[in-house]
Q: 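Questions regarding the structure given below will be posed in turn.
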Amino acid sequence: MVLLGQFNYWVVFFLMMTGFYVVIARGNLVAKIVGLNIFQTSVFLLYISMGKVAGGTAPIVLADGALYSNPLPHVLILTAIVVGVATTALGLALVVRIKEAYGTIEEDEIHAKDDSL
Amino acid sequence: MIVENLPALQVVLPLLAAPLCLLLSRGRPAWLVATLISWLGLAISVVLLWQVKDGSVIHYAFGGWAAPWGIEYVVDRLAAYVLLIVSLIAAVMMPYAWRSLSSEIDAHLLPLAFTLMLLCLAGLLGIVITGDAFNLFVLLEISSLSTYALISLGKDRRSLTAAYQYLIMGTIGATFFIIGVGLMYQLTGTLNMADLAERIDALEDRRTLKTAFAFITVGLALKLAMFPLHLWLPNAYTFAPSVVTAFLAATATKVALYAMIRFVYTVFGTHFAFESMHIEVLVLPLAAVGIFITSVVAVFQHDIKRMLAYSSVAQIGYMLLGIGMATVTGLTASLVHLFNHALMKGALFLALGAVCYRIGRCDIDRMAGIARDMPLTMAAFVVGGLSLIGVPLTVGFLSKWYLLSAAMELGWWPLAALVLVTSLIAVVYIGRVVEAAYFRERPAGTETVQEAPAVLLIPTWILVAANLYFGIHSSLTLGVAGDAAAHLFGAVK
């Protein structure tokens, strides 16, 4: 039962490790950005899971004493999503410029052209 | 009225001026705005340091929402001290930026570059001043995102891959950091740093707290380029435009280090960090190995910017040594070196930027004999280099002195020996440049170049003068750093 109760966290850690692995293991620059996105998304889920109160409802205008979920983690994650979108946009923009400059977005081919990355 | 709002203005001014620079859409007005704002920022941080010098703490509740519910800005001595160094470096470098940047990037990108520099400045100042853990993450990302874009402005195409590599590693670091903050929120239900520090004491043996600690320290270690997580730094510093390199080397890693000190000493507290988690077991060996390896690697670099970048990683190692010692003297040495390293690396990179302005690239072969054509620039480089080595009468001597006395206080002779040996390695790598610039002939077929223009020389020499001034009149840096360090230890006892 404990394992099942922690279902959300299992998903979080599965996504986190998947994303992290993709960032490290893939040589394609766009794939790395995708991996980074999966990695960040797992954190969004982590925050949202912790805000949930069992049996709680949405925190809008309620009768006194009604049980509601903690809205603060959701607000934090809205900010983090915006940051994540900005990071993705900037990363993809860099990939476009790299493609223009090198003609490829594969890490090993860029490495062969000059000693960077 | 205005004095009460200074903590907010410190961050909000550059943040608001950034879009203004973008709207001006012409290079020179944008530069003038950026320079003016950076000078105002310096004035504000001087006033703030003046107000908290006696040990008082300014709490500023944003929007009137009282902490721990609202976001709070906190200025204590440590924060005011780091604010001062960041805004001092910005105020000196902004006037320099115009000539240097306009020779390295396209004219239509100039207003964007100044927008990014102001955003980066706002983010860095915000990290220092904020008292809210999540707010720190947002400001960290503001400064990091603008840094990635600034690095990609370099003229070499490798600046793009350097920026990409930094983006990947920086984002992983920042994400680790919010995982840690999230776990702490889950445990305590608060994000305010002072509130967190109070509640953590009772929860010291919780595994969630230990996990949070690990995530936060590793995340910040990535940002501050702790060996062996420094791999993004040499490329980023080498291929970014000169003034961007100078600005980042003098501020960005220092601010990340400040965040590390804040979390280890203020939020988690020395008892948890050192006696329960034994962070020193990880930090000290890595810092020691890192100092040695990166110093040696620096000796063999062809590109002088890259050489100084490796040297920066080594200098960060010195600061981490001081943090890892967990004594008041050690932490004082770290804080003093944080200030001093900004001055010396700022001076060195500005001098190098002036050389790049004249000869294009800063390879050691191209710099042969350059001191004959650019005596003032190279003299600045030499004084900055002496300070980096730690010659008496410069700020570098003070840092090394404090670090050595901290090591001896603990009886750690091997560490003291390491500091001395790596200082000698610094003699070698600075000496190589001096030898090439002063004693070799100019390469055949190159025309004589002129001395760097005054707009580049004056900021460089201001930082060189600061190296000497604070090396002799050490009461400001040592006094404030010592008080701040003692306070960080006193606060938890």
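Predicted model, so just to flag it, every value in this text is computed and none were measured. Naming convention: chains lettered A, B, ... in sequence-line order (proteins, then strands); numbering from 1 in each chain.
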Q: Please find out if less than 6.0 Å separates the ring center of B:F176 from that of A:F20.
A: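 Here the rings of A:F20 and B:F176 have centres that are less than 6.0 Å from each other.
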Q: In terms of heavy-atom pairs under 4.5 Å with chain A, which of B:T238, B:V138, B:I172 leads?
A: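 Between B:T238, B:V138, B:I172, the count favours B:I172.
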Q: Does atom OH (A:Y21) have a neighbourhood of more than 12 heavy atoms from anything else shown, all under 6.0 Å?
A: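 No, the 6.0 Å shell around OH holds no more than 12 heavy atoms from other groups.
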Q: Quick check for you: among A:V82, A:V95, A:I33, which has the greatest number of heavy-atom pairs under 4.5 Å with chain B?
A: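 The residue among A:V82, A:V95, A:I33 with the greatest pair count is A:I33.
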Q: Specify whether B:F177 and B:F263 have parallel, tilted or perpendicular ring planes, treating 30° as the upper limit for parallel and 60° as the lower limit for perpendicular.
A: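 B:F177 and B:F263: perpendicular rings.
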Q: Please look at A:T79 and chain B and tell me whether the side chain, the backbone, both or neither of the residue comes under 4.5 angstrom of a heavy atom of that chain.
A: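 The answer is the side chain of A:T79.
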Q: Would you please say whether a donor-acceptor pair under 3.5 Å links the side chains of A:N37 and A:T88?
A: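 Yes.
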Q: Which residue out of A:L76, A:L36, A:N70 racks up the most heavy-atom pairs below 4.5 Å with chain B?
A: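 So the answer, after comparing A:L76, A:L36, A:N70, is A:L76.
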Q: Side chain of B:S146, backbone of B:S143: donor and acceptor closer than 3.5 Å?
A: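 It does hold such a pair.
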Q: So which part of B:L191 gets closer than 4.5 Å to some heavy atom of chain A, the side chain, the backbone, both or neither?
A: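 Contact with chain A involves the side chain of B:L191 alone.
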Q: Of the listed residues (A:L46, A:L72, A:V12), which shares the most heavy-atom pairs with chain B below a 4.5 Å separation?
A: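 The option with the most such pairs is A:L72.
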